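The structure appears right after this line, and notes come after that.
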Amino acid sequence: MKRFIGFVTKEFYHIFRDKRTMFILFGMPIAQIMLFGFAITNEINNVNIAILDKSKDAETQKIINKISSSKYFKINEEITNENQIESVFKRGKVKAVLVFEKDFIKNIQTIKQAKVQVITDATDPNVANTISNYVNAILLNYTQEINKNNKSSHQIQTQTQLYYNPELKSIFTFVPGVMTIILMLVSAMMTSISITREKELGTMEVLLVSPLKPFQVIIGKVFPYIFLSIINAAIILLLGFFVFGMPIEGNLFLLAFESVLFITTALSLGILISTVSNSQQTAMMLSLMGLMLPVIILSGFIFPVSSMPLPLQIISNIIPAKWFIIIIKAILLKGATISVIWKETLILIGMTVFFIAISVKKYKIRLE
Amino acid sequence: MSIKVQNISKSYNKIKAVEAISFEVKEGELFGLIGPDGAGKTTIFRILTTLLLANEGTASVAGFDVVKEYKAIRNSVGYMPGKFSLYQDLTVEENLKFFATIFGTTIEENFDLIKDIYIQIEPFKARRAGALSGGMKQKLALCCALIHKPKVLFLDEPTTGVDPVSRKEFWQMLKRLQQKGITILVSTPYMDEAALCDRIALIQKGSILKIDSPENIIKKYDKIIYDIKAKNKHQLILDLKNYPSQYSVFAFGECIHYIDKNSVFNSTDLQNYLLEKKHMEIEISVSNPTIEDVFMDL
């Protein structure tokens with residue numbers, strides 16, 4: 001036990017004395033969550049649009065007022081004919097143009113049908129999609145209002161309700177995502193680097209020729225990072241909760257247990273990486289290319305797994321991060337209990353055991 | 001016997017590093033492995049410290065087999081690798097404390113063993129190991145290798161890259177440790193250090209050429225070596241190599257060491273030959289052979 005404490009103390013000296021490590025450990029989580037929270041967002045606010053109103057009557061004016069009074073749109077320009085549409089887009093001043101047909105009010109009264117055309121600038125497809133959805137929602141709202149007085153009309157009304165994230169806030173997906181990335185990075189990359197550093201500096205040679213057993217070396221290496229990763233997870237959740245209003249619906253103990261489980265999975269991957277690489281550079285490249293990219297791309301953090309081609313969907317199953325993101329989203333947003341996420345939990349446990357088994361088998365008690 | 005090596009061979013990807021090496025080190029002996037870089041010294045150290053497995057042969061350290069009883073060996077030896085292998089970001093004191101702890105001991109418990117060495121680096125005990133000078137680093141590494149009172153001490157080129165004064169001090173320390181009953185196996189590329197060992201093995205290209213005490217090795221050397229000096233040293237070597245009865249010629253510090261093929265050697269003949277070649281300030285004298293001379297001749 002004394003040996004173990006001595007070893008862990010030494011590891012903490014390494015960590016606290018290296019500015020680069022300290023920055024990755026504590027600077028990055030905060031920077032990332034702030035960036036994702038404030039800069040990267042799928043929501044739209046104050047989008048500039050142009051109006052081409054060929055009718056200019058009381059009804060079109062009502063709709064235009066409705067649109068401009070919402071916080072989503074700002075009417076930037078009014079144009080008078082179709083030829084101008086292209087040029088306002090090209091100047092990049094507006095993201096969408098709303099075209100009201102001629103005799104708008106007359107058409108509503110006589111044939112009970114009038115047309116509004118929504119033209120969006122789809123150079124950014126996500127934004128274009130969101131804009132047209134928002135405009136549709138406003139128009140739907142308007143039709144419902146005028147139909148209230150008209151009892152004779154039969155129609156189906158859809159009532160959409162968005163569960164768990166009614167405002168479609170992107171931060172709700174980014175907090176779990178960033179947490180996953182950070183835990184993966186800290187746990188896997190930092191441990192693999194810290195083990196290979198001993199190999200590179202030759203201190204591993206001295207450690208091998210000592211009564212320390214291999215598992216003592218590994219546990220001693222891993223322990224500080226478990227500790228630091230837990231702190232990191234807590235920082236991210238607290239930032240999400242207090243700064244961005246991220247809900248934490250589920251049980252905190254379950255959340256802590258699942259986080260520690262994922263940290264262990266990532267650490268065992270880190271150990272595995274360190275057994276196959278001999279230099280810090282290789283370890284870093286393996287962690288970055290082998291772990292970070294799949295985590296970002298295939299875990300469902302940014303791109304939904306269900307819309308990937310089948311081969312990629314299959315590959316995504318071997319990414320531990322995918323399962324952790326499912327688990328943590330369920331706990332944070334839906335307040336899920338273990339009865340809901342036991343399958344994902346078992347998969348993570350299985351992966352951890354598998355990685356540790358290979359690492360133990362591959363761990364060298366000698367050089368070479 | 002403290003160390004016993006029998007017919008050890010080791011190759012890396014078909015390149016032979018050491019071939020059929022055998023030697024024995026007695027308890028309390030200071031034994032030197034002398035040879036140039038790439039001779040296979042480090043490989044021998046790594047096999048004996050259980051870091052590498054030999055392809056052939058057997059070896060034992062402190063009575064334990066290097067393959068089967070590697071754990072027992074790791075408990076009872078001190079090892080100082082050729083490359084500085086301490087934690088550069090830890091201070092002198094922290095390094096020492098760390099190694100004491102992992103060997104299950106404390107600095108106080110074996111302080112008398114390292115006292116002589118430690119007092120020299122004590123003024124810098126709060127300094128990080130990476131900021132020490134070469135000689136200081138080696139003294140600290142020696143302290144760390146000694147802190148658990150090992151039975152056998154392995155020092156792989158401990159004085160490489162260390163200034164001459166520190167080298168001398170280092171060897172005095174080894175002598176003192178030897179008096180405390182520790183068996184020491186040391187390797188060095190410096191021939192002048194060989195004379196300080198009890199016995200030495202001369203190694204080249206993975207084979208042992210000779211094992212004996214330094215005195216005996218020199219005593220058994222039967223050729224006469226001449227120190228030759230002249231103003232133009234470079235031209236002197238070239239001309240000596242063209243002298244019909246030359247056996248070997250090599251630079252040795254200030255002068256040239258010259259060995260003649262014939263046991264009867266007339267120095268005036270050589271002097272005349274050199275004068276003919278327009279050399280100036282020629283000096284020829286008989287020299288005492290050193291380990292380096294023996295090594296060059298092997």
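What you see is a predicted model; the values in this text were computed from it and never measured. Each chain gets a letter, A, B and so on, in the order its sequence line appears, and its residues count up from 1.
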- Do B/Arg128 and A/Arg17 have side-chain heavy atoms sitting under 4.5 Å apart?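 Sidechains of A/Arg17 and B/Arg128: in contact.
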
Over 12 foreign heavy atoms within 6.0 Å of [atom1], [X]:
| X | atom1 | result |
| --- | --- | --- |
| A/Met285 | CE | no |
| A/Lys199 | NZ | yes |
| B/Glu122 | CD | yes |
| B/Lys115 | NZ | no |
| A/Phe354 | CZ | no |
| A/Phe244 | CZ | yes |
| A/Tyr363 | OH | yes |

Looking only at non-hydrogen atoms, find the nearest pair between [X] and [Y] and report the distance.
| X | Y | result |
| --- | --- | --- |
| A/Glu205 | B/Leu51 | CG-CD1, 3.3 Å |
| A/Gly6 | B/Thr101 | CA-CG2, 4.1 Å |
| A/Thr203 | B/Ser85 | CG2-O, 3.4 Å |

[X], part contacting chain A, at a heavy-atom distance under 4.5 Å:
| X | result |
| --- | --- |
| B/Phe98 | side chain |
| B/Ile102 | both |
| B/Lys71 | neither |

- Message: Heavy atom to heavy atom, less than 4.5 Å: which residues from residues 179-189 of chain B reach chain A?
- Response: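 From residues 179-189 of chain B, none sit under 4.5 Å of chain A.
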
- Interface residues of residues 152-161 of chain B facing chain A - heavy atom cut-off under 4.5 Å: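 The list, in residue order, is empty: none.
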
What's the separation between atom [atom1] in [X] and atom [atom2] in [Y], rounded to the nearest 0.5 Å?
| X | Y | atom1 | atom2 | answer |
| --- | --- | --- | --- | --- |
| B/Lys83 | A/Glu200 | NZ | CD | 7.5 Å |
| B/Leu90 | A/His14 | CG | NE2 | 5.0 Å |
| A/Ile15 | B/Asp89 | CD1 | CG | 10.5 Å |
| B/Thr50 | A/Arg366 | OG1 | CZ | 6.0 Å |

- What residue, out of B/Tyr79, B/Phe99, B/Tyr87, B/Tyr70, has the most heavy-atom pairs lying under 4.5 Å from chain A?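 Top option by heavy-atom pairs under 4.5 Å: B/Tyr87.
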
- Query: So which part of A/Leu208 gets closer than 4.5 Å to some heavy atom of chain B, the side chain, the backbone, both or neither?
  - Reply: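 Both parts, backbone and side chain.
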
- Query: Can you say whether A/Leu207 sits under 4.5 Å from chain B via the side chain, the backbone, both, or neither, judging by heavy atoms?
  - Reply: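 Side chain only.
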
- Do you know which of A/Glu198, A/Lys2, A/Arg197 has the most heavy-atom pairs with chain B at a distance under 4.5 angstrom?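 Greatest number of close heavy-atom pairs with chain B: A/Glu198.
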
